[in-house]
Amino acid sequence: MCCPELRDVLPAFVGLGLAVAGSVLALAWLYRSLGLGGLALAVVVLAAATVVRLRWRRAAVRRRGGIYTPAELAVLDEHGLAAAAERMLQRDGWHVIAMPDEGRPRLYARDRGGRQLDVGFRPVDEVSADEDAPTVPFPFGKRAAPASTA
């Protein structure tokens with residue numbers, strides 16, 4: 001397919017034209033009814049909406065790239081956590097395949113060095129009888145001090 005035809009792009013052009021014409025008509029109506037104060041109000045509302053949209057979009061793009069804050073990860077369920085783990089592994093160069101196991105999310109990942117990773121997810125409140133329930137998550141930033149050999 002070489003180039004799009006007019007029938008392919010016409011709906012987008014019509015929509016863009018209506019959006020521009022509608023905005024101009026709304027601004028003209030505000031100016032006629034409220035004067036310069038109406039235009040100033042419209043500019044303030046548009047600026048606030050733009051700031052909110054950019055901040056939301058920036059966070060969504062960051063998450064799609066596999067970068068999450070601890071607060072964002074804390075509110076995810078097991079399927080959301082699996083999607084987040086998949087994005088983070090892909091960000092770090094792993095090839096990830098989703099392999100659900102009995103309705104539960106499961107990921108298989110492989111990197112260029114040949115390392116393999118098989119990750120299963122389950123709800124936190126479900127701990128098998130032979131496992132000890134962790135009371136505190138492992139502090140990733142801290143490492144244990146080496147044992148003294150005195």
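For the single chain, residues carry numbers from 1 onward in sequence order.
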Exercise. Transitively linked via ILVMFWY side-chain contacts under 4.5 Å: Leu16 with Leu6?
Worked result: no
Exercise. Under the side chain to side chain donor-acceptor pair (under 3.5 Å) test, which residues partner Arg91, sequence neighbours left out?
Worked result: none
Exercise. Trp94: which other cluster members, linking ILVMFWY side chains closer than 4.5 Å, directly or transitively?
Worked result: Tyr68, Leu73, Leu76, Leu81, Met88, Leu89, Val96, Leu107, Leu117, Val119, Phe121
Problem set entry | Residues, nucleotides or ligands: over 12 heavy atoms within 6.0 Å of Tyr108 OH | yes
For this session: Enter the distance from Leu30:CG to Leu36:CG here, rounded to the nearest 0.5 Å.
Result: 11.5 Å
Exercise. Under 4.5 Å between any side-chain heavy atoms of Asp111 and His95, yes or no?
Worked result: no
Exercise. Is any NZ, NE, NH1 or NH2 atom of the basic residue among Glu5 and Arg7 found under 4.0 Å from an Asp or Glu carboxylate oxygen of the other?
Worked result: yes
Exercise. Roughly how far, to the nearest 0.5 Å, is the CG atom of Asp8 from the SG atom of Cys3?
Worked result: 11.0 Å
Exercise. Is there a path of hydrophobic side-chain contacts, each under 4.5 Å between heavy atoms of I, L, V, M, F, W or Y residues, that connects Trp29 with Leu34?
Worked result: yes
For this session: Any chance you could measure Arg110, atom CZ, to Gln116, atom CD, to the nearest 0.5 Å?
Result: 7.0 Å
For this session: For Glu72 and Thr69, indicate whether the former's side chain and the latter's backbone hold a donor-acceptor pair under 3.5 Å.
Result: yes
For this session: Measure the shortest side-chain to side-chain distance between Arg63 and Ile67 over non-hydrogen atoms and say whether it is less than 4.5 angstrom.
Result: no
Exercise. Does any non-hydrogen side-chain atom of Pro105 lie less than 4.5 Å from one of Glu78?
Worked result: yes
